[in-house]
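Single-structure report; data block below.
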Amino acid sequence: MGKAFDKMTTGTLQFAIPPERLGRDPSIYLNPEIGPSWPQEPYEVTLQDLKAELENAENAKPLDSRGFAILRNRSESLGPLKLHEIWNADYLEETKQMIKTQLGADEAFIWNSVTRSADPSVLTPYGNNHFQDKAIVGLQFGAIIRGTASGAHVDQDVSNSQRMCRAAAGGDVFQKYSRVQQLNIWRPLKGPVTSKPLAVCDGSTVPDKSKSIHCGHFGTRVLLHHDVNQNWYYIKRQGPEDCFILKIYDSAVLPGQAEFAPHTGVDDLHGADGPEEPRESIEVRVVVCYL
């Protein structure tokens, strides 16, 4: 297992093919029927392990630095995947209070939550039309469990995030609050994660040329093209008490701060973290507001 505890690991990630190599006008991918099919290509990427930072909270970097933060937080309500409809409501309330305390926010509004698994036997097809126009304070897909995500992305682009913030927190949210953020709170349901962990990119290392906008299943979002200057991270053998806070949108980004945190599931760790077991995880999308 020596290799499993290296500070850096190589994994296979999927990236959107850049516009200059598409061979067609990239604007066609703003069409909701075509947008999700933007072609991808794999790259072997170095993943820096965040475990040491996680275990020394005083050295952890703030959310604005890289567009993501990590923290150790043991949930009192998290349960097994097969019972996710039972414990979800308590977990959402717990997550809402945790994020307000952690970030010093004045208010937080749940947008939705999603459970995922890398085990194809527990997945159910969920179709293509899932555009969400109001908050779902619960599981976005009910009993349905989604597969792990593949392809570097940010969940929404600016316009889609602003729409979601207004829908969740009120049409006057940008007048009522001085700062509004859309965040994704992500953690595994069991651990250690040894297959398809979440990889996150330092948003401050993402040049404009490596970003494109397309229309996914849930509206417009940001796709990432591979760039050698991007810095990618993950939490080696991540457990349920290890949380990611991912910035999706921020109404008050200052110079030098990260706008967001691109992320994706790792397609292949090449066995670096031990015998592979199907990953199970939950993510909660939250609109966070500051007076």
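In this text, all values refer to a predicted model and were calculated from it rather than measured experimentally. In this chain, residues are counted from 1 in sequence order. All values below come from the heavy atoms of this structure, side chains included, with hydrogens, waters and symmetry mates left out.
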Without hydrogens or angle criteria, can the side chains of [X] and [Y] be said to hold a donor-acceptor pair below 3.5 Å?
| X | Y | answer |
| --- | --- | --- |
| D119 | S121 | yes |
| T205 | N231 | no |
| H270 | T12 | yes |
| E280 | H84 | no |
| Y249 | Q181 | no |
| S150 | Q14 | no |
| E94 | S75 | yes |
| N88 | S113 | yes |
| H153 | D155 | yes |
| H225 | S210 | no |

[X] [atom1] to [Y] [atom2] distance, which is reported to the nearest 0.5 Å:
| X | Y | atom1 | atom2 | answer |
| --- | --- | --- | --- | --- |
| C243 | L54 | SG | CG | 9.0 Å |
| L50 | E55 | CG | CD | 11.0 Å |
| F141 | I136 | CZ | CD1 | 8.0 Å |
| Q102 | L71 | CD | CG | 4.5 Å |
| T124 | I144 | OG1 | CD1 | 6.0 Å |

Of the non-hydrogen atoms in [X] and [Y], which two are nearest, and what is the gap between them?
| X | Y | value |
| --- | --- | --- |
| G265 | R279 | CA-NH1, 4.3 Å |
| H214 | L30 | CA-CD2, 4.0 Å |
| G239 | P188 | O-CG, 3.3 Å |
| W38 | I213 | CZ3-O, 4.1 Å |
| I99 | A108 | CG2-CB, 4.1 Å |
| L63 | A69 | CD1-N, 3.8 Å |

Aromatic contact between F68 and F260, with the criterion being ring centroids under 6.0 Å apart: yes or no? no
Looking only at the aromatic ring of each residue, does the gap between the centers of Y43 and H226 stay below 6.0 angstrom? yes
With a cut-off of under 6.0 Å to the ring centre and 45° to the axis, is R166 in cation-pi contact with F174? no
Under the criterion salt bridge (Lys or Arg N to Asp or Glu O under 4.0 Å), I'd like the reasoning laid out for R285 against E283: C-alpha separation, chi angles, the key distance, then a yes or no. CA-CA 7 Å; R285 296 183 180 91; E283 59 209 59; 2.8 Å; yes
Assess the residue pair N59 and E53 against the criterion (side-chain hydrogen bond (donor to acceptor under 3.5 Å, both in side chains)); give the C-alpha distance rounded to whole Å, side-chain angles, the decisive distance to 0.1 Å, and a yes or no. CA-CA 6 Å; N59 296 324; E53 182 178 329; over 6 Å; no
Which residue in the set L183, I70, N184, N73 passes side-chain contact (heavy atoms from CB on, under 4.5 Å) when paired with I245? L183
Would you check, one step at a time, whether the test salt bridge (Lys or Arg N to Asp or Glu O under 4.0 Å) holds for E41 with R21? CA-CA 11 Å; E41 58 184 350; R21 290 199 283 111; 2.6 Å; yes
Under 3.5 Å, side chain of S37 to main-chain N/O of I34, donor-acceptor pair present? yes
Give the C-alpha distance, both sets of side-chain angles, the deciding distance and a yes or no for salt bridge (Lys or Arg N to Asp or Glu O under 4.0 Å) between K51 and D242. CA-CA 9 Å; K51 184 71 76 172; D242 303 331; 3.5 Å; yes
Any carboxylate oxygen within less than 4.0 angstrom of a Lys/Arg side-chain nitrogen, looking at K247 and D202? no
